[in-house]
Amino acid sequence: MTAAEGNKRPPRLLNPASGYLTGYSYTINPYIGCVFGCSYCYVRRMPVALFRGQPWGEWIEAKGVDQNSFRREWQKALIKGPVTVFMSSATDPYQPSEYKSRLTRMILEVMVESPPEFVLVQTRSPLVLRDADLLKQLGARVRVSMTVETDLEPVRKRLTPAAPPLASRWRAIRMLREQGIPVQAAVSPLLPCSDGFAARLAEEAPRVVIDDFFRGDGSAGKRSAQLGMRERYRELGLEKLYEPRTADRFAAELCSLMPHGAVYFGQDGFLP
Ligand code: SF4
């Protein structure tokens, strides 16, 4: 081992939250990269993706952190004050490789030992169900936010072909709910959907947050424009839906179907 290798510290998992996630003390991204590779993913426009030399969605690295070093990092953070965590902001914590690596599970285990004030687990993968035992132990300190941007599988396949099928996400919401684990559906960003989408959300999800390409990409729609989302809608023959009023109308319909306080728009719905 060289001196440099001997001094090498494991990467940190806790990063101070900022921007859209102000309101949290930290974000945790257990992975760098994301194999779901959604066409609209704003991370595509960030240095981590731009300077990689490989297309976003085709690579993934697990952060090499063992449980003891994360436990030390976690305890230090807890000593400083109340800890609120958004997991994850630049990847999905339930990558297919999480089946084996169990990195996200390791993080939740440490959280169960010494719970945070609040942790939001943002995912579109039904693998989150594997960790229901830990999520249950976190009680009201956790919320799983399951992305369901549309109810139309053909739309999902066109715009996020590598992401888990919608049926598995509806099932995950149902099963988390049955086990008493706080859960919301994140319609983020709202994609073209059927006329029955709002009613289905009202029936299946106790809480819903809606976002769109104009207010949810962290740059007032610029990143979505750079990613060519209008052109993608045009290819689908749905360009007329590519405007802020689409999500406003959808939010109004959902509000008429769900109890007061169950529907959120944008950042508010993701905050602790
Ligand atoms: S799952 Fe999230 S981080 Fe991954 S590509 Fe899709 S939007 Fe980006």
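What you see is a predicted model, and the numbers here were worked out from it, not measured in a lab. Numbering of ligands and ligand atoms starts at 1, following listing order.
For Arg52, the CZ atom is densely surrounded, since the number of other residues' heavy atoms within 6.0 Å is greater than 12. Within 6.0 Å of CG on Asn68 lie more than 12 heavy atoms contributed by other residues, nucleotides or ligands.
Counting only protein N, O or S atoms closer than 2.8 Å to atom 8 (Fe) of ligand 1 gives 1.
Note that SG of Cys38 is 11.0 Å distant from CG of Leu227, once rounded to the nearest 0.5 Å.
Ring pair Phe270/Tyr20 is tilted by interplanar angle, where 30° to 60° counts as tilted. Relative ring orientation between Trp74 and Phe70 is described as tilted, the plane-to-plane angle lying within the 30° to 60° band.
For the pair Arg207 and Tyr264, the cation-pi criterion (under 6.0 Å, within 45° of the ring axis) is fulfilled.
Here the protein heavy atom with the shortest distance to atom 1 (S) of ligand 1 is Arg124 NE, 3.1 Å.
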